[in-house]
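For the numbers below, each heavy atom of this structure counts, side chains included, while hydrogens, waters and symmetry mates do not. Since the model is a prediction, treat every value here as computed from it, not as a measurement. Each ligand, and each atom within it, is numbered from 1 in the order the structure gives.
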Amino acid sequence: MERPTQVKSAENGRGYADGRKPVDDLYGAFMSLVEDGWISEAATVSSRERDGRVMMLPIPSLRTKKTGRAIWIISGIHGEEPAGPNAIASSIGIIRDLGRDTPVVLLPLCNPLGYVSSWRYLDRPDWQEDAPCASVGDSEHVLPDLLTPAKPRTPAASSPEAAALVAHVLRLAGTYPPAISIDFHEDNLLDEGYVYSQGRHGAHDEIAQRAVEALRSSGIPIRMTGKTRFGENISGGVVGPQNDGSIDELLSMENIIVGGKTVPGPQAESVLVIETPTSAMPLEVRQRGHLAVLSCLRDIAPKRPIPGL
Ligand SMILES: [Zn+2]
């Protein structure tokens, strides 16, 4: 994987008001896994022109040499949510230990340019009504249409990065079939978090329930019942599967559409999306919540048959 070269001026050397690590420090922590024999490969290089300047950063992807049913760890899909990438970088030793005998795929910083500029999407800082927002995790171009399942939901990917990331995920899913995937997000409009469970056990997935326990015991407030801010039902802090067009929905799919044909999807059994609240909580505390989920992976993963556990 190439190291970042053209982003120094975006960070200005002043650090970030919220205390997030400089992006170079994140790459350094992720790349340290290579010393333990992990394979590193950029999913693609993300680029953006702004104010007459082209910024480019690789989307890092690391995996153990050992293949087979794997734990997938994803983060940084939304650039203004730094807790996941920072928690992964700070606790890279936990992931290194997990990978000693267990197949692991790590996609720790899926929107690196969004991270350095706190842009949620590839093409704009925030969600905007009546405007397309290109998320790096957009997967609708391979997800079956809800009314006409033989066709994809959209004719093309929303961005070159989304096309490349989805292709990369599908390629790796062949040799590292996801048994469990965990995608770390935050939500700055929440004061209580919850966990989406997109896999086949839905809201009853005991791994999702364990993640809720881990978050709560780390001091993260969790909404245990009621609705999400999108009106979805919450049961025990867990929200069942949603057709949200995300990379997480893709990982859970039985079937997908590639090249106009219906083919088997990644079929992950447990697909978790961690949503921690950002409101009035410093990054350090939010990061602790994500770290708590990472820390209990070795305990919760044996509930799925994964080699090495
Ligand atoms: Zn998010």
message = Could you check whether atom CZ of R216 has more than 12 heavy atoms from other residues, nucleotides or ligands sitting under 6.0 Å from it?
response = no

Under 2.8 Å from the Zn ion (ligand 1), protein N/O/S atoms total 4

D145 meets the side chain to side chain contact (heavy atoms under 4.5 Å, CB included) criterion, sequence neighbours left out, with L147, T148, R153

Sequence neighbours excluded, the answer for side chain to side chain contact (heavy atoms under 4.5 Å, CB included) partners of I306 is I71, T102, P103, A179, I180, A301, R304, L309

Cluster link I94 to I274, ILVMFWY, side chain under 4.5 Å: no

- Indicate if V273 and F230 have the same hydrophobic cluster label, given that clusters are the connected sets of ILVMFWY residues with side-chain heavy-atom separations under 4.5 angstrom. yes

Taking distance alone, no hydrogens or angles, what donor-acceptor pairs closer than 3.5 Å link side-chain atoms of residues 231-240 to residues at least two apart or in another chain?
residue: E232; atom: OE1; partner: Y196; partner atom: OH; Å: 2.6
residue: E232; atom: OE1; partner: T228; partner atom: OG1; Å: 2.7
residue: N233; atom: OD1; partner: K227; partner atom: NZ; Å: 2.8

